[in-house]
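Taking it in order: structure first as structure tokens, then the write-up.
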There are 2 protein chains.
Amino acid sequence: MPKSETFNRNEVLQNAALIFHKKGYNGTSMQDLVDATSLNRSSIYNSFGSKLTMFLKVLSYYQTNLDHNFSKELVKSYNAKESIETIFNLHVEEIINDDDRKGCMIVNCKSEMANQEPSIKSFTEKNQDKMIASLEDIVSKGQMEKIFNQDQTAYQYALYLFSSIQGLRMTGILNKNEEDLQHLVSTILKVLY
Amino acid sequence: MPKSETFNRNEVLQNAALIFHKKGYNGTSMQDLVDATSLNRSSIYNSFGSKLTMFLKVLSYYQTNLDHNFSKELVKSYNAKESIETIFNLHVEEIINDDDRKGCMIVNCKSEMANQEPSIKSFTEKNQDKMIASLEDIVSKGQMEKIFNQDQTAYQYALYLFSSIQGLRMTGILNKNEEDLQHLVSTILKVLY
DNA sequence: TTAAATTTGAAACGTTCATTTCATTTAAAA
DNA sequence: TTTTAAATGAAATGAACGTTTCAAATTTAA
């Protein structure tokens, strides 16, 4: 009976993510989204609600993609040390391939609106909790295998690593010198060994 | 002959800084600035040019204030270790006193617009260069005094510390647990000793 | 083939945006 | 006291904002 969606939802989210990532939430207009997605205004509102709810869907899509890419690499690592190094190397790779110097979309939106918009605060909190939990998991394993020291608890190291990743992403906005970034990563990780 | 400014320029910049800091550049409207400064629209345009030039003046004011506060504390420190610890402790203090969870204004505006607005890119680049240079200076002294190790160059450690400060500020937006933050700082600094 | 429901397109909604205009007020130098 | 130019206030500018409306087109199941 009803006509069904003709556009590819993921493709639309992908294109919306590009423009949101580049310009930020407040810097992106509905017209930008119309242009970026090649969708009609009404279709956007019909299918995604409002600008804010669309942004939240874009964020989820962005994070799911990120998680997927990381998991794909992480299964290849043989121990905790390799896992952590893989995570940081992927971030360095993202920085270097980020021609627009946009930084991390999740870091950016936390900076832009976590203190203003409860739904974004909640999203970034969940993101933080998940990231710290999975880092803690890896650190724990590394400590049990005696690859990492026990000077701090796994949680404390996880918070440190989470914080360092955000710092790395912020630093990478202006500095894309690969040697600098790799030294930076090795300095960050040294405390674990 | 002419009437002179009746408002206190620094007071206006201070009030403008509060609202820009809270809402970000794109999130702050001219009406917000009129309300926050109690100045007339025309007076703002007469005295500060445009929204963007006003923002740049606010940023300079914000940074000058920050520099001043840090210098005031830094002169009290007896060696490089104390200097670095003072810097990080002041950041932790700022985070804990930041009831609105706004984060650092300079980190925020880099995230929001460094990739879009050349004047902001240039401002944040200069800020980054200055911060790294002064950190490098302190690390150098610490290395000469054999308080800090020489595993990495002073510049590499300075970049690491700069990056860590940004991570700390981003982490502090959602996490204001003082114990967590102090553990975080001590983990960050451990690599130097 | 018909009926149903949703997508789509284009236009319009009222609001807010940054900025400008201009007449009035003000205060300092002549 | 007069002159002068900037500060001020209030209103208006046109453009852009997010969102809604609604008729037309479309496609699927009955």
Side-chain angles (χ1 to χ4, degrees), chain A residues 1-59 105 108-109 112-113 116-120 123, chain B residues 1-59 61 108-109 112-113 116-120 123:
Chain A
M1 324 125 125
K3 186 179 173 184
S4 46
E5 270 183 9
T6 60
F7 58 84
N8 178 315
R9 226 183 158 79
N10 279 349
E11 204 176 286
V12 166
L13 286 172
Q14 170 66 30
N15 289 326
L18 286 176
I19 192 73
F20 270 133
H21 194 171
K22 185 170 182 177
K23 298 190 165 196
Y25 179 76
N26 286 310
T28 301
S29 71
M30 221 53 205
Q31 187 57 48
D32 287 333
L33 291 169
V34 168
D35 295 342
T37 61
S38 303
L39 242 56
N40 189 273
R41 290 176 118 68
S42 342
S43 303
I44 295 181
Y45 279 94
N46 276 338
S47 306
F48 300 98
S50 65
K51 186 186 171 188
L52 181 61
T53 57
M54 178 167 210
F55 185 59
L56 288 164
K57 281 165 187 161
V58 164
L59 279 177
M105 191 175 179
N108 290 353
C109 85
E112 183 179 10
M113 15 175 14
Q116 298 275 94
E117 177 51 50
S119 57
I120 298 294
F123 177 90
Chain B
M1 322 130 123
K3 186 180 173 185
S4 47
E5 271 183 10
T6 60
F7 58 83
N8 178 315
R9 224 181 160 80
N10 279 349
E11 206 174 287
V12 166
L13 286 173
Q14 169 65 31
N15 288 326
L18 286 176
I19 192 74
F20 270 132
H21 195 171
K22 185 171 183 177
K23 298 189 164 196
Y25 178 76
N26 285 310
T28 300
S29 70
M30 221 52 205
Q31 187 58 50
D32 288 332
L33 291 170
V34 168
D35 295 342
T37 61
S38 303
L39 242 54
N40 189 273
R41 289 177 119 68
S42 340
S43 303
I44 295 181
Y45 279 94
N46 277 337
S47 306
F48 299 97
S50 66
K51 185 186 171 188
L52 181 61
T53 58
M54 178 167 209
F55 185 58
L56 287 164
K57 282 166 188 161
V58 164
L59 278 177
Y61 170 84
N108 290 353
C109 85
E112 184 179 10
M113 15 172 17
Q116 297 277 94
E117 177 51 50
S119 56
I120 298 294
F123 178 89

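Letters A, B, ... mirror the listed sequences (proteins, then strands); counts begin at 1.
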- Message: B:L18 vs B:Q14, test: side chain to side chain contact (heavy atoms under 4.5 Å, CB included). Steps then yes/no.
- Response: CA-CA 6 Å; B:L18 286 176; B:Q14 169 65 31; 4.0 Å; yes
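Nucleotide D:dA16 holds its P atom 13 Å from the CG atom of A:D35, rounded to whole Å. Separating the CG atom of B:L39 from the C1' atom of D:dA6 is a distance of 14 Å, rounded to the nearest angstrom. What separates CZ of B:F55 from P of C:dT19 is a distance of 14 Å, to the nearest Å. A:K51 places its NZ atom 15 Å from the P atom of D:dA16, with the value rounded to the nearest Å. Taking atom CZ on B:F7 and atom C1' on C:dT25, their separation rounds to 16 Å, with Å as the unit. Rounded to whole angstrom, the span from the CD1 atom of A:I44 across to the C1' atom of C:dG9 amounts to 13 Å. Here the P atom of nucleotide D:dC17 and the CG atom of A:L52 are 17 Å apart, to the nearest Å. Regarding A:Y45, its OH atom lies at a distance of 16 Å from the P atom of C:dT7, rounded to whole Å.
With a 6.0 Å radius and a threshold of 12 heavy atoms from other residues, nucleotides or ligands, A:K57 has its NZ atom above the threshold.
Relative to the six-membered ring of A:Y25, A:K51 meets both conditions, a distance below 6.0 Å and an angle of at most 45° to the axis.
Side chains of A:S47 and A:R9 form a contact here, defined as non-hydrogen atoms less than 4.5 Å apart. For the pair B:N108/B:H21, a side-chain contact is recorded, criterion being any heavy-atom separation below 4.5 Å from C-beta on.
At a threshold of 4.0 angstrom between heavy atoms, the contacts of A:S50 are confined to the sugar-phosphate backbone, with no base atom among them.
Shown here are the side chain to side chain donor-acceptor pair (under 3.5 Å) partners of B:T53, two or more places apart in sequence or in another chain: B:S50.
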Protein-nucleotides 10-15 of chain C N/O pairs under 3.5 Å:
residue: C:dA10; atom: N6; partner: A:S42; partner atom: OG; Å: 3.0

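Checking each of A:L39, A:L33, A:T37 against A:F48 for a side chain to side chain contact (heavy atoms under 4.5 Å, CB included) leaves exactly one that passes, namely A:L39.
Looking only at distances, a side-chain donor or acceptor of A:D32 sits under 3.5 Å from a matching main-chain atom of A:S29.
Contact check of residues 19-34 of chain A against DNA chain D (heavy atom, cut-off under 4.0 Å) returns A:T28, A:S29, A:M30.
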